[in-house]
Novice: 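My questions all concern the structure below.
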Amino acid sequence: MPTSDGPSHFPLFVAPPNGNHQRSPGYVPGRVAPVRLPLPAKPPPPPPIKPHGLQLDRQAPLSLSEGNQQRAQSLQQRKNTLICCGVSMFAFFLTLILIFSLVRRDVLDENCPDHNLSLSSWNPGHQPDKAVVVSRGHLFRLDSSATLQSLTIQSGGLVVFADNAEGSKNITLRTHHILIEQGGALHIGAPKCRYRSRATITLVGRSDNKAIPEVPGLGRKFIGVKGGGTLEIHGTERVSWSLLTRSISASGLSTGGHAFQRNFSRGINLRVLDQDTGAVLLCERYDTHDSRNDSRQLTELLRSLPTGRIVALAVGDSACKSLLDETKKAIEETLGSRFVYDLKYRQAWALVSVVGGGNESCSEEVREHENHDTGGRALAKRNFTTVDGVGFSVTAYSEWKNGKPQYNHVGEIIDGVDMRAEVALLSRNILIHGEMEKSCYGNNLCQFYSHDTYGGHIKIFRNFSSVHLSYVELKNMGQQGEKSSYPVHFHMCGDVDQKGGYREPTYVDGLSIHHSFSRCLTIHATNGLLVKDTLGYNTLGHCFFLEDGIEQRNTFYHNLGLLTQPGTLLPTDRNETLCTSIKDKVYAGYTPSPSTECKAVSTFWIANPNNNLISNAAAGSQDAGIWFVFHSSSTGDSHGLIPETKAELTPLGIFYNNRVHSNFKAGLFIDKGVKTTNASAADPREYLCLDNSARFRPHQNADPSRPRVAAVIDTLISFKNNDLGAWIRGGDIVIQNSGFADNGVGLSFASDGSYPKDEGSSQEVTQSLFVGESQNRGTNGGQNKYWGQGGADGKMRTLPRNRTFPIRGFQIYDGPVRLTQSTFRHFTPTAERYTSAVGFNLKNTWQLTPRNNLSQLSFQSTVGLRAFFGRPGQWFEDNDLDGDKNSIFHDVDGSVTGYRDTYVGRADNYLIQHPKCVNMSQWNAVICSGRYSQVYIQTQGAPSLSLSISRDEYPDAPLVLRGINSQTVLSKQYQSILMMSKSYTLHWSGPAPREVVLSLINFDKDDWVLVGLCYPSDTTFQIMADINDRQSNTFVDLTDYGTVPSLSELQKRPMERKYFFDQSVGLLWLYLRARHGRDGHSYCSVKGCERVKIIATTSTKQTCNCTAKAYPKYSKTPSDVVPMPQLNTQPCKGCGAKQLVFSSEPWTSYLQTQVKSLSSKEQQKGDGISFITVNGVTMPFSQPGYFLVSVDACSGNFTEKRVFAKMDAKMKQYLKSGIPNRSIVLMATRGIICLGIVSFALTLLLLPLTTESLALWGFYKTNSKAYSSPPWVSLKAGQGDDFLGLQERYLPLGLETYGCTPTAAKTRKDLELLKKATGL
């Protein structure tokens, strides 16, 4: 909070008393006077000296003798002495008070609003029927809980919540509403003096309570801030949310990489910890439900543990069926369990105890499985202290929901993508909440919701004096049945930063908004707001919501939105049921289409691109995580203020380091607009429903005549989204440094549009990673509807859409797109499913361009299908729509196919082939050399025709196109890709259209094709060439075509505007040749779009298919124009993304490690490979035994490697003292390994009797007892036929917890961008 520039005559922490909503000249919004130390106490001035003689104001009845005068003087001196003594005593007691205050740490602090000496203690008590007004001269410190009907603070009035150093105050204010206006102010804490106690504001009332009148513009149950009002609420600062540092299994115990993992979660999950250091020594799971052998192993382990070890146990699924009595006895005797003998089927059981500590050391709980939505949860927890005095706690829990254990939660980088789960803290020491009824009532949409949805809300209006909210919990806020009633709502506030005259820019920081009934935070016609570290959890409707399409320069930094559910307010909030049920604002009973008008509820709903999103996370939305939508004009309350927003032309603000996952429709969605007109007979759809008219095409200053400005999506992490990791329409757009994993489709671009509307744009992906099916297999149950085999290992996992859905990493829809310097991993097709790295939009009716360029790509060995063009069957249907048939991309450097500068297209498309093309039957594709462009063929007056195109070299394999427009439209457009320098004939399924326009798309200068169009023999023609300038919508260079007597004559004059009509066959022959070059990615030339227009006149209505007459007359021998290159078998240099890890903390460096151990059984089956890889450098070993590699944990540099044939004294000594300090230690094994228990540093190797291979990630540090084990330390083992295979881990480097010397402060790009965005 800013301080004033000098002493103030106004009350401390109060806006100036003349602060009405009309700002006076020179008034600075947000200025608040600080608390200052009291001035030194001054004695009162001495009384005036009485004059000698008679008083002048009244007659003395008696004359005073000299003695009397002396006595009077003596009395006066005594009186003065008493006054001085009183003043001295006052000063003395004041000093004592200050001394005692110092002792109690209750020092006056000018930053603390409750330290204001002008405040009066206020204890209004409980007066639920009293409407209190605090106005000028009322400066109150609320010292105790109170209940009021309402509280209005105005005209210089001030209310401050009392606090103390101990944080022991517990103040609750219950009221129907709080209104702050015209210089009024409410303070709870301050930015530099955060509130330490517990403060609660409870907003009470029902929507149908007529006894409490609504406040205009605010309604009921609110905190409202009007012009001149101040609201400053600042709770104790704490971490709002972060990412897990280790994985948590469904049982509730952290995994850190399970030792001896299996594919089930049932049984007893066990952890063993060192009581002296708190280090995790062992992670294991015993299937005591199904395996008596596992029960025996658990018994042996428990009996072998030394006294004092900490043990945590938790049941997953069930653990009692094969739990032996000897095991129960061991648990009872070693850990002091009281419940293990009575453990039942599917009981939740958790235990934390100390070996040998008896019942007193055992924390234990058992819960029955409850077969409803909130299952039974058993939790056990104990606190411990290390030998160095560091406190730590151990918690175990076992929980059920709908008969299934809760989900696994990932806490690590998997396959190069940061999939760590978010962990949020919902509680704050300041709570604002709505008091709710037990069930829905009245007109609160009870037909859709069984619970009360009439919560509280906070609404801020224009010209407020100062509003800052930080670390406040908002629960049960928002009113689903009322518009403009949201948990936090900045309502048409204009500019709220320096641009609006606010010295301290307005912000909300660290809010926890959860269980909200209408959105999280709404920014409505407000610009320059900072939203930081704020959590939105379990909310109805769009969560972080920009309302009218004119909100700009707002910055969202490090916010988290989880579980965004459908609401009713807008069509875009609704799911399918709500969409078709709510019809009060459509025209004449029209039934909305859910897929095109609704189903867009999003965690971040961004209605104008000029806003900043930095380091945010959006997960679990019903539809999208982040959705950029475009308003063509201002809407809602702003309707008419800005007739044309130009949102589609506005450059994108900062988009950096955002993560989106576990959303149903898409992680990131940039597309579509909203309908900006009311429902009518012409368009019966509801106002503000989704509309498909918008196309994002950013230009400088939103001016289409100025150069394009690329929209940069930097560091997007997108995973586990059911349909799409990202769908982005428009251009120019660049995605860079991004990771996509486990999505139905990783990334799909859609072009700005198509000719003639789209001028051609750039869409580029660079330095990114695509993972098809990662090692994060998910959890069966909950919203994960589909569970089946997948991935490179063929194990069971969650699946997008269903078991047969064709997963694609990068999807080509139309183009042009450029995909370069990117890596693909784990795209392995199965018997049920086509999984490919590169694929195409399914059932595509639209055009594709041969300018879809792929280059410098890396495909790892786990990619079984690099590209796939579809096959008839489920999902692809007949695979015969126009876009399906024209699917194509350009392999610029051969990194996809091995053939440099080639094109990959559908295997049955002979318009693009030549005899030397390479067939890729697995892809349903051919690889061809050549030059390719498009001819767009537009017709008028023939709405139902199909077009058949034959290349003269392959007349028996025509390409039949249906046209992209609907069968009822008089104009149709056919979009074909042709090999340049070849001849083609065009035929119709009915009478030839009267008018045909042939447009040259993506033709470079001097590219040509020769075409023959079929017409009746009596047809006469008017043929003209022109250039369409789309900016001015004019036609220039109009030139008529002349005739020539033969085709051979036409071929002699290819540069001239001539045509030949072969009446005997019915073919009109002419050249389509580009006379001008193109610029950049434009579809057309720099002069405009070159076209040929044919107007045909005929009286014949016969079907115009001339194929039978044209061939073999015009048949030619197939040949190539561009020779086919040689296959390149050398590794692709410089291909793939440079980054190995795509993290949501990009300032952290990581070490990529791979451990491939080999058991004897694997060798018997023919596998002979064992190795350790560090950052791409592979170190193989072929001798039986143990292979250890050490890497410096600070720099990531390799330090040494050692091989030991067996676990002997030499190896044990090396593990204890031979490893370099601060080392990451990797270990792989080959062949049968020795048995035993070996400890080194912070890792214990505990080898069960059946272990046949091991993979270890350990950490070694001298004097390690002072440090806890890094969370990534783990041991994995293979047993029997459950082979380890290749194990991969990504480990953070250079952490201070390793003992690494802090290097010079790294530049945090997110913080630099935050500073750029806000100026702070």
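Numbering of residues begins at 1 and proceeds along the displayed sequence. Computed from a predicted model, the values in this text were never measured in an experiment. Worth knowing before you read on, the calculation uses all heavy atoms, side chains too, and leaves out hydrogens, waters and symmetry mates.
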Novice: Assign the ring pair Phe544 / Phe556 to parallel, tilted or perpendicular, where the plane angle (0 to 90°) is split at 30° and 60°.
Specialist: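 Rings of Phe544 and Phe556: perpendicular, over 60°.
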Novice: Going by atom types only, do Asp533 and Ser240 share a side-chain donor-acceptor pair under 3.5 Å?
Specialist: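 Side-chain D/A pair, Asp533 to Ser240: absent.
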Novice: Ignoring hydrogens and geometry beyond distance, is a side-chain donor-acceptor pair present between Ser197 and Asp163 at under 3.5 Å?
Specialist: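 Asp163 and Ser197 do have a side-chain donor-acceptor pair below 3.5 Å.
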Novice: Can you list every pair that meets disulfide (SG to SG under 2.5 Å) and has a residue in residues 463-523, with sequence neighbours left out?
Specialist: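 Every pair satisfying disulfide (SG to SG under 2.5 Å) with a residue in residues 463-523: Cys520-Cys543.
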Novice: After noting the C-alpha distance and the side-chain angles of Thr650 and Asn610, does the key distance pass the side-chain hydrogen bond (donor to acceptor under 3.5 Å, both in side chains) rule?
Specialist: CA-CA 7 Å; Thr650 300; Asn610 186 24; over 6 Å; no
Novice: Will you find, in the side chains of Asn111 and Asp109, an N or O donor that is under 3.5 Å from an N or O acceptor?
Specialist: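 Short answer, yes.
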Novice: Would you check if His457 and Phe222 make a side-chain contact, meaning some heavy-atom pair closer than 4.5 Å?
Specialist: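 Counting from C-beta outward, His457 and Phe222 do come under 4.5 Å.
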Novice: If we count only N and O atoms by modelled type, under 3.5 Å, do the side chains of His468 and Thr506 hold a donor and an acceptor together?
Specialist: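 Distance-only check fails for His468 and Thr506.
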Novice: Hey, would you say the His491 and Phe461 ring centroids sit under 6.0 Å apart?
Specialist: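 His491 vs Phe461: aromatic centres under 6.0 Å.
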Novice: What closest approach, in Å, do Ala624 and Trp627 show between heavy atoms, and which atom pair accounts for it?
Specialist: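 For Ala624 versus Trp627, the nearest heavy atoms are CB-CE3, 3.7 Å.
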Novice: After noting the C-alpha distance and the side-chain angles of Asp1310 and Tyr557, does the key distance pass the side-chain hydrogen bond (donor to acceptor under 3.5 Å, both in side chains) rule?
Specialist: CA-CA 9 Å; Asp1310 61 330; Tyr557 176 81; 2.9 Å; yes
Novice: Trp122 vs Phe140 aromatic rings, parallel, tilted or perpendicular, using cut-offs 30° and 60°?
Specialist: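 The rings of Trp122 and Phe140 lie parallel, inter-plane angle below 30°.
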Novice: Hey, what's the ring geometry for Tyr537 with His515, parallel, tilted or perpendicular (30° and 60° as the breaks)?
Specialist: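 Because their plane-to-plane angle is over 60°, the rings of Tyr537 and His515 count as perpendicular.
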Novice: Short question: side chain of Thr200, backbone of Thr172 - any donor-acceptor pair under 3.5 Å?
Specialist: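 The answer is no, because no donor-acceptor pair under 3.5 Å joins these two groups.
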Novice: Below 4.5 Å, heavy atoms only, C-beta onward: do Leu139 and Asn116 meet side chain to side chain?
Specialist: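 Answer no - side chains too far apart.
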Novice: Hey, which of Glu237, Arg428, Arg194 is the one that makes side-chain hydrogen bond (donor to acceptor under 3.5 Å, both in side chains) with Ser470?
Specialist: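 Among Glu237, Arg428, Arg194, the one that satisfies the side-chain hydrogen bond (donor to acceptor under 3.5 Å, both in side chains) with Ser470 is Arg194.
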Novice: Among Ile513, Leu469, Ile201, Val488, which residue meets the side chain to side chain contact (heavy atoms under 4.5 Å, CB included) test with Ile432?
Specialist: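 Among Ile513, Leu469, Ile201, Val488, the one that satisfies the side chain to side chain contact (heavy atoms under 4.5 Å, CB included) with Ile432 is Ile201.
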Novice: Suppose we screen for side-chain contact (heavy atoms from CB on, under 4.5 Å). Which residues come up paired with Glu482, at least two apart in sequence or across chains?
Specialist: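 Once residues adjacent in sequence are excluded, the partners of Glu482 under the side-chain contact (heavy atoms from CB on, under 4.5 Å) criterion are Tyr454, Gln479, Ser485.
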Novice: Between Lys532 and Asp509, does any side-chain N to carboxylate O distance fall below 4.0 Å?
Specialist: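 Counted as a salt bridge, because a side-chain N and a carboxylate O are separated by less than 4.0 Å.
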Novice: Within the structure provided, determine whether Val601 and Gln565 are in side-chain contact (heavy-atom separation under 4.5 Å).
Specialist: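 With C-beta onward as the side chain, the pair stays apart.
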Novice: Taking only residues at least two apart or on different chains, which pairs with a member in residues 217-228 satisfy side chain to side chain donor-acceptor pair (under 3.5 Å)?
Specialist: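 Passing the test, one end in residues 217-228: Glu214-Arg220.
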Novice: Do the charged groups of Arg553 and Asp495 touch, with an N to O distance under 4.0 Å?
Specialist: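 Yes, this pair counts.
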Novice: Without swapping roles, check the side chain of Thr526 against the backbone of Phe490 for a donor-acceptor pair under 3.5 Å.
Specialist: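 Yes; judged by distance alone, with no hydrogens or angles, the pair exists.
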Novice: Using every non-hydrogen atom in the two residues, find where Phe696 and Ala711 come nearest and quote the distance to one decimal.
Specialist: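 That would be CE2-CB, 3.8 Å.
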Novice: Is a side-chain donor-acceptor pair under 3.5 Å present for His514 with Glu473?
Specialist: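 The criterion, which ignores hydrogens and geometry beyond distance, is satisfied for His514 and Glu473.
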Novice: Taking the ring of Tyr507 and the ring of Tyr502, is the distance between their centroids below 6.0 Å?
Specialist: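 No.
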Novice: Between Gln154 and Glu181, does any side-chain donor sit less than 3.5 Å from a side-chain acceptor?
Specialist: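 A donor-acceptor contact under 3.5 Å links the two side chains.
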Novice: For the residue pair Asn123 / Ser144, report whether a side-chain donor-acceptor contact shorter than 3.5 Å exists.
Specialist: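 Distance-only check passes for Ser144 and Asn123.
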Novice: Distance alone, cut at 3.5 Å: any donor-acceptor contact between the side chains of Glu504 and Ser466?
Specialist: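 No.
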Novice: Any salt bridge linking Arg141 with Asp114? Criterion: basic side-chain nitrogen under 4.0 Å from a carboxylate oxygen.
Specialist: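 No, this pair does not count.
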Novice: Tell me the closest heavy-atom pair linking Ala1317 and Thr555, and the distance in Å.
Specialist: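 That closest heavy-atom pairing would be CB-OG1, 3.5 Å.
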Novice: Answer with yes or no whether the side chains of Asn444 and Ser207 bring together a donor and an acceptor at under 3.5 Å.
Specialist: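 A pair is found: one side chain offers a donor N or O, the other an acceptor, under 3.5 Å apart.
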Novice: For the aromatic rings, using the six-membered ring if either is Trp, is the centroid distance between His489 and His524 under 6.0 Å?
Specialist: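 Under 6.0 Å, so yes.
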Novice: As a test of understanding, state which of Thr603, Asn559, Asn657 forms a side-chain hydrogen bond (donor to acceptor under 3.5 Å, both in side chains) with Asn616.
Specialist: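 Looking at Thr603, Asn559, Asn657, the match for Asn616 under the side-chain hydrogen bond (donor to acceptor under 3.5 Å, both in side chains) is Asn559.
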